[in-house]
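One structure is given here, and the rest of the page talks about it.
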Number of protein chains: 2
Amino acid sequence: MYIQDKKYTFGSYSYKMSDLPQYKKLQHLIKKQILSGVYKEGDLLPSENELSTIHELNRATVRQALSELVKDGYIYKHKGKGSIVSSRRQTLGLLSFKGFSEVVGQTTHAIKNKELKKPYLTKWDDQFFYELTDIEKAAGCICLERLRMVDEDPVMLEFTYIPNLNLPRFVSKPLINNSLFDTLLNNYQIEVINLEQDIRAIAADEEIAGLLQTEEESPILHIFRRYRTNRDGLFIYSSLYCNTEQYSIGSIFN
Amino acid sequence: MYIQDKKYTFGSYSYKMSDLPQYKKLQHLIKKQILSGVYKEGDLLPSENELSTIHELNRATVRQALSELVKDGYIYKHKGKGSIVSSRRQTLGLLSFKGFSEVVGQTTHAIKNKELKKPYLTKWDDQFFYELTDIEKAAGCICLERLRMVDEDPVMLEFTYIPNLNLPRFVSKPLINNSLFDTLLNNYQIEVINLEQDIRAIAADEEIAGLLQTEEESPILHIFRRYRTNRDGLFIYSSLYCNTEQYSIGSIFN
DNA sequence: GAGTGGTCTAGACCACCTG
DNA sequence: AGGTGGTCTAGACCACTCG
């Protein structure tokens with residue numbers, strides 16, 4: 001009989017981790033080793049064949065783990081040499097679609113989230129950034145207004161807009177872990193699979209300048225995002241205003 | 001005897017393409033089919049098993065092709081359903097590390113590149129954005145100043161800095177295809193494998209405002225990039241100033 | 001229940017790099 | 001020459017979606 005996944009029963013990971021696929025477990029393990037200094041910038045990781053042997057995984061599975069680490073900028077590869085630990089400068093956060101806390105949490109800064117208002121139900125703005133379907137328009141929108149602080153400084157203002165489609169009692173229940181993504185996943189089995197964004201530089205108006213504690217007309221990074229979810233036709237929209245005087249926004253591409 | 005790659009000899013692709021791996025050929029084929037309307041937004045691609053059969057490739061190879069298309073935002077996947085053609089809005093360009101022309105060329109706009117100066121050799125600025133190694137500092141830097149136009153409007157000002165390390169006669173020869181990447185690849189076998197960038201919003205100074213034909217103090221997107229190459233220790237640096245009044249900068253994450 | 005993508009194994013050949 | 005990552009094959013089991 002064909003047996004796979006036998007490692008689950010012998011795994012040395014926590015209970016939660018045991019649900020994850022092997023390549024993600026390996027990915028997290030190596031990531032932790034890099035962050036904790038086991039492998040330092042410029043070091044060679046064990047070769048793919050060595051990792052296969054050590055962790056009793058097929059090389060393809062090891063490669064899947066490594067390719068995720070490449071995507072996240074932890075390592076890069078040189079054919080004929082090996083996988084090399086990359087330098088990671090401290091920026092405000094990767095311009096990825098991971099939640100703000102997870103991304104910025106990798107730095108040594110103190111992060112805080114402030115809910116400016118309780119989530120509320122409202123109508124869509126007539127001049128919304130993306131074209132909406134009739135279904136979305138008719139549903140109305142759940143609006144979240146949050147301010148992200150780094151070391152007590154407000155650096156990012158985030159407006160999130162969610163079509164009110166089959167999300168019973170969303171506005172009346174608090175967020176889980178203060179995280180929108182965790183809430184959607186736990187309460188509604190909604191997962192984000194994809195992010196598309198547009199970036200502009202704008203001048204701060206009075207409201208934004210006030211909230212970000214900067215001057216009117218000062219240059220602000222404006223990012224508009226559309227998250228695709230595993231629920232067909234359900235998108236989540238976000239409008240971010242970043243004060244980049246102190247912190248820049250970083251990202252990596254391969 | 002173990003034979004692979006037999007498709008090369010029967011391939012229906014051009015001579016140049018015949019050097020590419022199978023998954024890239026399939027990737028380009030499907031990309032072309034999407035761009036030419038064979039598959040439209042929301043359409044399902046043939047399943048992975050069907051594509052394997054049609055193109056006489058293993059499913060793993062098909063998956064490699066599809067995952068590249070996901071990365072570039074042409075499709076997304078739904079478990080249990082299939083691969084779905086994604087909508088692609090027209091933005092100035094993906095915030096990826098592909099060359100400006102390739103990325104913007106997917107739109108219907110007229111693109112022009114203007115060389116503001118001939119490439120020249122100079123010293124590094126004392127306040128360079130990234131920390132440089134002593135080797136880089138000692139080598140001096142090759143500087144390129146280019147202006148990118150969309151429909152006759154200047155939208156992006158690009159300063160590129162290359163350490164003058166084993167790049168004989170770079171400044172005395174013209175760029176191939178007007179492209180830095182093509183030139184580095186053809187003349188020096190240098191390939192870019194990775195890009196790291198930081199983004200800020202700044203106020204235009206007199207020089208930048210003049211070149212981008214906008215007003216002083218108007219908000220400008222400033223992107224600083226570090227490209228990693230296949231040559232160990234050789235990085236290419238770029239400083240981009242974008243006027244985002246008309247065009248925003250787009251990107252996709254998975 | 002049949003089909004889809006997600007994960008995984010065991011193995012192969014290749015181009016590239018280093019000693 | 002031996003090791004590395006890059007590409008590729010042939011197969012398997014799984015969770016998910018849809019009719």
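We name chains A, B, ... by the order of the sequence lines, and we start the count at 1 in each one.
Here the nucleotide nearest the side chain of A/N58, chosen from D/dG5, C/dT7, C/dT9, is C/dT9. You'll find that the side chain of B/K81 is closest to D/dT17, out of D/dT17, C/dT7, C/dG5. Closest to the A/Y23 side chain, of the nucleotides D/dG6, C/dT7, C/dT9, is C/dT7.
Both B/N230 and A/A60 sit near DNA chain C, but only A/A60 has its closest nucleotide nearer the 5' end. Residues B/G80 and A/E50 each lie close to DNA chain D; by heavy-atom proximity, the contact nearer the 5' end of the strand is made by A/E50.
Partners of A/Y76 under the ring-ring contact (aromatic ring centres under 6.0 Å, His included) rule, at least two apart in sequence or in another chain, are A/H78.
In this structure, B/S47 reaches the C/dT4 phosphate: one of its side-chain N or O atoms is under 4.0 Å from OP1 or OP2. The shortest distance between the side-chain N/O atoms of A/K77 and the OP1/OP2 oxygens of D/dT4 is not below 4.0 Å. Residue B/S83 has a polar side-chain atom (N or O) positioned under 4.0 Å from OP1 or OP2 of C/dG5. Regarding contacts with the backbone of C/dC17, every side-chain N or O of A/K79 stays at 4.0 angstrom or more from both OP1 and OP2.
Rounded to 10°, the angle separating the first-five-pair axis and the last-five-pair axis of the helix from C/dG1-D/dC18 to C/dT18-D/dA1 equals 0°.
Put simply, CD1 on A/I193 is 15 Å from P on D/dC16, counting in whole angstrom units. The CG atom of A/L51 sits 12 Å away from the C1' atom of D/dG5 (whole-angstrom rounding). Atom CG in A/L57 sits roughly 10 Å away from atom P in C/dA10 (whole-Å rounding).
Ion pairing between A/D72 and A/K31 fails under the 4.0 Å rule for side-chain N and carboxylate O.
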Determine, step by step, whether A/N177 and A/D182 satisfy the side-chain hydrogen bond (donor to acceptor under 3.5 Å, both in side chains) criterion, reporting the C-alpha distance in whole Å, the side-chain angles of both residues, the deciding distance to 0.1 Å, and the verdict.
CA-CA 7 Å; A/N177 295 338; A/D182 286 358; 2.8 Å; yes
